[in-house]
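Structure record follows, encoded as structure tokens.
We use all heavy atoms of the structure for the numbers below, so side chains are in, but hydrogens, waters and symmetry mates are not. From a predicted model like this one, the values you see are computed outputs, not experimental measurements.
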Amino acid sequence: MRHALTAEPCIGGIAVLAAVSGVVWAVVRAARIGWVPGADDAAIALRTQDVFSRHLPLLGMPSTLGVYAHGHPASHPGPLEFFALASPYALFGRSPAGLLVGVAIVNVASILAIAWACSRLGGWRLVTWSMLMTAILVWAIGTAAAEVWNPDIALLPFAAFLVLGATVANGAVSALPLAVLFGSFALQAHLSYLGLVALVTGWIVVVALWHGVRQWRADPTSRRGLQRVAVASTAVFVACWWAPVVQQFAGHPPNVSALLGGLTAGGSHVAGPRFAVHFVGRVIGVPPPFGMRPTNADTGMVGVASPADWARFALPWLLLALGFAVAFRRRSKLAAVTLATAAVSVGAATITAARVPSLETAGLVYIYNVRWLWPTAMFFWFAIVFATWQLIAVPDRTGRVLPRWPAVLCVGLAVVVASVPRVSATTVARADARLTRLLADSLTARVAGSGPLVVRGSGATAVVTVAPGLAVALERHGVHAYLLPPFPPPIAPWGNHREYTGQPVAGTVWVVSGGSGAPTPTARRVASASGVTGAVAREGRRLRDAMLADINREGGVRLTDAGRHLLANTSREAGRTIRTDLLAARDKPRAALSDGTLSTLVGDGLIAAPGGDPTALKRYGALRPLLSGEWNATVYLDRPPT
């Protein structure tokens, strides 16, 4: 017996280390490729820096919800991400490594919270099973395990929130403060978690109150512990949400009002139930790891759900119904409550997926708006496995219902999952990092110690990625940066105090991409760089020539059944732009290959890949933008006359 008692914690500990190693490996890989913050990551870095300043951020990143709120600006609910990253970022001298360490801390804390919750719910054997599911999730989200981008950094905290919620619902109310913390973090990071966190929280609160009232009446000695949990949960809630409340009453414009206006505004185009059936079925309705597979896709198409999609969508509900029937028959409250929590999460995911915004004329949905499907799938299958063992396994002498040998197998699988290759950083992301890093090194060496500078951009890559990245580098070297993009939003993502409105400056930094010349006659070139290596350029040209040869040999391109169905479907939901692109690609496939339309349509399953090799076309689609010259950039410095 002594051997059995010591073996379980060892097995569980190995499983925890395996899941954590996936996060560590993702962070190490990001550091090895020389990741630096650019685009939205740069805005997050700047706002994280502001935590220890008089410009304390009270909001999260700007939200695209403003597009659907009749132009009213809105931001994601709160700044918890900035607060969480601030200390490691400051300790590492505002270097990119500090942000990566901060991301690692957030994700590792989420994994440890899952392990702790499962130890309360089912002991070390359940910890082992949960770590297998967590390792699969870390593998599935790929580079997101090392991303500071707000839709990605919320993934593992949301998984922790779901598991903690199931623990609270099963009577372990001491987990409630942690559930409040991780749920608040996910919701404040990205508004797409609103319905998910709200519905699951409602279920948790109702069940927790029921447990608390029963325990309060039955055991007077437990009342002090319940009071401590209530006080701690309230304190965590206040600590998480004071900043958005202050902004609502003291800020301009009030963000909560803007969010409510956007949520209730008419005329917004949403993905709809068919999209929900398609994606919920493909991610949650397929057992892991096949449903929770890694992806680098940016968009998904709003289309007609196939019979296979409906079957996959129905599977979770059939399993839940079967589990409920058996649980009620055997009077297993633990299994029933766990399955009920899973049902609430899947139902919330379905409703939220149907309500995510879509590009009205294109019929596309950005995948980052539904990335929470991956942690929801992890929690659902975790709940199914746990409830199944509760219902069919025979308890051993210790009262445990999870046998030891599957736990040993689980450790082996967790180690394998944590060590296998996962989706790596995209070629474009690597080019962005390389270009920003090279230009930042040259610029900061030239202007270190100077007065404030305005950072401006000309060209898509310069404006979106490099200019914000240079602003981060300048501020790290003690140079205050003002930003002046072509379209400054009403709520600037980098903080309103960095928006240039005519303040005295020492000069202007111009970033020009795409081959344009000097922006002004007085501007002097500081540095030029390319984010594209010679090997990448050669590979892109080789793939392009091969694709053109396949198109010539086959006499054009061939539409799939889904493509033919879309052309025949005249409903608005299918997307006018997609039909136009599909017709253009069919009639002029060479032009569609050159402008990237063909790669997108093949990825959406509307056109068969030329030569029958979608992998090659997908790779060319990733490299094609890099061949345009847009990732060749020059930095100019324009100082005012003295």
Side-chain angles (χ1 to χ4, degrees), residues 44 47-61 63 75-91 98-99 101-114 116-117 120 148 150 153-165 167-168 172-191 193-194 196-205 208-209 212 224-251 254-257 259-260 495:
I44 291 172
R47 297 305 280 147
T48 298
Q49 172 187 322
D50 289 340
V51 170
F52 298 121
S53 74
R54 61 188 181 90
H55 301 289
L56 181 70
L58 300 178
L59 295 175
M61 289 287 287
S63 171
S75 291
H76 293 289
L80 274 185
E81 177 187 2
F82 308 144
F83 295 168
L85 300 179
S87 293
Y89 191 42
L91 288 174
L99 291 175
V101 169
V103 173
I105 291 173
V106 169
N107 287 332
V108 170
S110 301
I111 294 173
L112 295 179
I114 293 172
W116 176 81
R120 297 295 309 274
V148 301
N150 53 306
I153 199 174
L155 292 171
L156 285 172
F158 180 61
F161 164 72
L162 292 175
V163 177
L164 288 163
T167 305
V168 173
V173 292
S174 59
L176 185 58
L178 283 178
V180 172
L181 174 63
F182 285 98
S184 298
F185 186 96
L187 174 54
Q188 289 196 19
H190 204 264
L191 190 62
Y193 289 87
L194 174 61
L196 296 155
V197 173
L199 290 176
V200 175
T201 298
W203 161 253
I204 293 171
V205 169
L209 287 174
R224 186 176 297 274
L226 291 174
Q227 290 173 342
R228 286 197 296 266
V229 170
V231 171
S233 301
T234 303
V236 171
F237 181 83
V238 171
C240 290
W241 289 98
W242 68 267
V245 172
V246 169
Q247 196 281 333
Q248 169 66 16
F249 290 101
N255 191 58
V256 174
S257 299
L259 291 176
L260 291 176

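Residue A84 comes nearest to F185 through the heavy atom pair CB-CE1, 3.9 Å, listed as atom of the first residue, atom of the second, then distance. Closest non-hydrogen pair, I114 versus A160, comes out as CG1-CA, 3.6 Å. Across all non-hydrogen atoms, the minimal contact from V180 to S233 is CG1-O, 4.3 Å. Of all heavy-atom pairs spanning L191 and H76, the tightest one is N-ND1, 2.9 Å. Counting all heavy atoms, side chain and backbone alike, A117 lies closest to V163 at CB-CG1, 4.0 Å. When all heavy atoms of A189 and N150 are compared, the pair lying nearest together is O-ND2, 2.9 Å.
Here the side chains of S110 and F161 are not in contact, with every heavy-atom distance at 4.5 Å or above. I204 is listed as a side-chain neighbour of L176, based on a closest heavy-atom distance under 4.5 Å. Between L181 and L164 the shortest side-chain heavy-atom distance does not fall below 4.5 Å. Proximity of Y89 to V51: side-chain heavy atoms (C-beta onward) are nowhere separated by under 4.5 Å. Between P77 and P244 the shortest side-chain heavy-atom distance does not fall below 4.5 Å. At least one side-chain heavy atom of I44 sits less than 4.5 Å from a side-chain heavy atom of E81. For the pair L196/F158, a side-chain contact is recorded, criterion being any heavy-atom separation below 4.5 Å from C-beta on. Considering only heavy atoms from C-beta on, T167 stays 4.5 Å or farther from W116 through its side chain.
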Practice problem: Kindly indicate, with the supporting measurements, whether the criterion side-chain contact (heavy atoms from CB on, under 4.5 Å) is fulfilled by W242 and V246. | Solution: CA-CA 6 Å; W242 68 267; V246 169; 3.9 Å; yes
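Panel note: side chain S53, backbone D50; a donor-acceptor pair is recorded below 3.5 Å.
Residues in residues 175-190 take part in these side chain to side chain donor-acceptor pair (under 3.5 Å) pairs, two or more places apart or across chains: S184-W241, H190-S192.
Looking at residues two or more places apart in sequence or on another chain, you find a side chain to side chain donor-acceptor pair (under 3.5 Å) between S174 and R120. With sequence neighbours left out, the ring-ring contact (aromatic ring centres under 6.0 Å, His included) criterion links F182 to no other residue.
If you run side chain to side chain contact (heavy atoms under 4.5 Å, CB included) between V103 and each of V106, N107, I105, only N107 comes through.
Summarising the local packing, CZ of F83 is surrounded by more than 12 heavy atoms from other residues, nucleotides or ligands at distances under 6.0 Å.
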